[in-house]
Amino acid sequence: AESWGKVRHGASRAMAWLRGSVSRTVLAAAACIAALVALFVLVLRVPDLYAFSGYNTEFIYLVSFFARGPEFVAGMVAGSFFLDHGERITPRGSRWLTYGGAAFGLVFLQLANHFVLDKAMPEHAISRFLGAVAVAALMLGMTRHPGVTRLGRMLSAPVVDYLGKSSYAPYLVHLTWPLQRVWSGLLTLPVHPLALVPLAYAVSVAASIALYEGIEKPLQRLFRRWID
């Protein structure tokens, strides 16, 4: 117990020094890059971590890891930038970020779909990263001055805001075994596949809300208490 107390005390002093010496944006970028490097090495050394998925190594590194990793970094850096410098974004800047981010995001994500169909995996990964940067700009614009654009006002509605907060969970669960059984069961229903889309979405939203309220929010409160 005494050793653990010393470790926590040392970690707290280190964090206090970092907060006073380095900006949040730099800290967030460094932490994300370190985590990505560690994950890269782990997946490289232990291929069984993804073997169950049926994906090959090319898919993991060119489509999954090397595309989604930088996307994660882009989001974290944008969030840290908002915390450190968000007050500098003017209403006019918010408008440019919102509409520019939306336009470039659609272009790059469409390019990503085109490249994956052509099996051009590196181009697909680069397009997805640029699309993530554009979406991060969009989120910066809407978060600082949500009322200056019609898109910002629409996405600031309470229901849409809540769905956005819980939206990461569907990504985590959409390929899990329980939901795979649900999707397989839906496909056996004697209806047109398009008619199943609203039902599949409702199942995803229900699963995401359960994870958000039951796991994500309690963990957020726990981490905030530990940091504070």
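- Under a hydrophobic clustering in which Ile, Leu, Val, Met, Phe, Trp and Tyr are joined whenever their side-chain heavy atoms come within less than 4.5 Å, directly or via other members, Val205 and Leu199 fall into different clusters.
- A continuous path of hydrophobic side-chain contacts links Val203 to Leu189 [ILVMFWY only; heavy atoms under 4.5 Å].
- Shortest non-hydrogen contact noted between Tyr162 and Glu213 is OH-OE2, 2.6 Å.
- Between Ala134 and Gly105 the shortest heavy-atom distance is CB-N, 3.4 Å.
- Between Val148 and Arg153, the shortest heavy-atom contact is C-NH1, 4.0 Å.
- Nearest heavy-atom pair across Ala112 and Arg128 is CB-CG, 3.6 Å.
- Within the model, atoms CG of Leu97 and CE of Met139 stand 12.0 Å from one another, a figure rounded to the nearest 0.5 Å.
- A donor-acceptor pair under 3.5 Å links the side-chain atoms of Thr188 to the main chain of Gly185, judged by distance alone.
- Applying the 6.0 Å contact sphere to OH of Tyr201 captures no more than 12 heavy atoms from other residues, nucleotides or ligands.
- At a threshold of 4.5 Å between side-chain heavy atoms, the hydrophobic network of Ile, Leu, Val, Met, Phe, Trp and Tyr places Val133 and Leu111 in one connected group.
- In this structure, Leu106 is not a member of the same hydrophobic cluster as Leu140, with clusters built from ILVMFWY side-chain heavy atoms closer than 4.5 Å.
- Between the NZ atom of Lys165 and the NZ atom of Lys217 there is a distance of 8.0 Å, given to the nearest 0.5 Å.
- If you take CG on Asn113 and OG on Ser127, they are separated by 9.5 Å, rounding to the nearest 0.5 Å.
- Atom CD1 of Ile215 sits about 12.0 Å away from atom CD of Gln220, to the nearest 0.5 Å.
- Between the side chain of His145 and the backbone N or O of Ile89 there is at least one donor-acceptor pair closer than 3.5 Å.
- Cluster annotation: Val159 is connected to Tyr212 through the hydrophobic network of ILVMFWY side chains, with a link wherever side-chain heavy atoms come within less than 4.5 Å.
- Between Ser166 and Ile209 the shortest heavy-atom distance is OG-CG1, 4.4 Å.
- The 12-atom threshold is exceeded at OH of Tyr99, counting heavy atoms of other residues, nucleotides or ligands nearer than 6.0 Å.
- Scanning all heavy atoms of the two residues, the minimum distance from Arg144 to Glu87 falls at NH2-CA, 3.3 Å.
- A heavy-atom distance below 4.5 Å is found between the side chains of Leu138 and Leu151.
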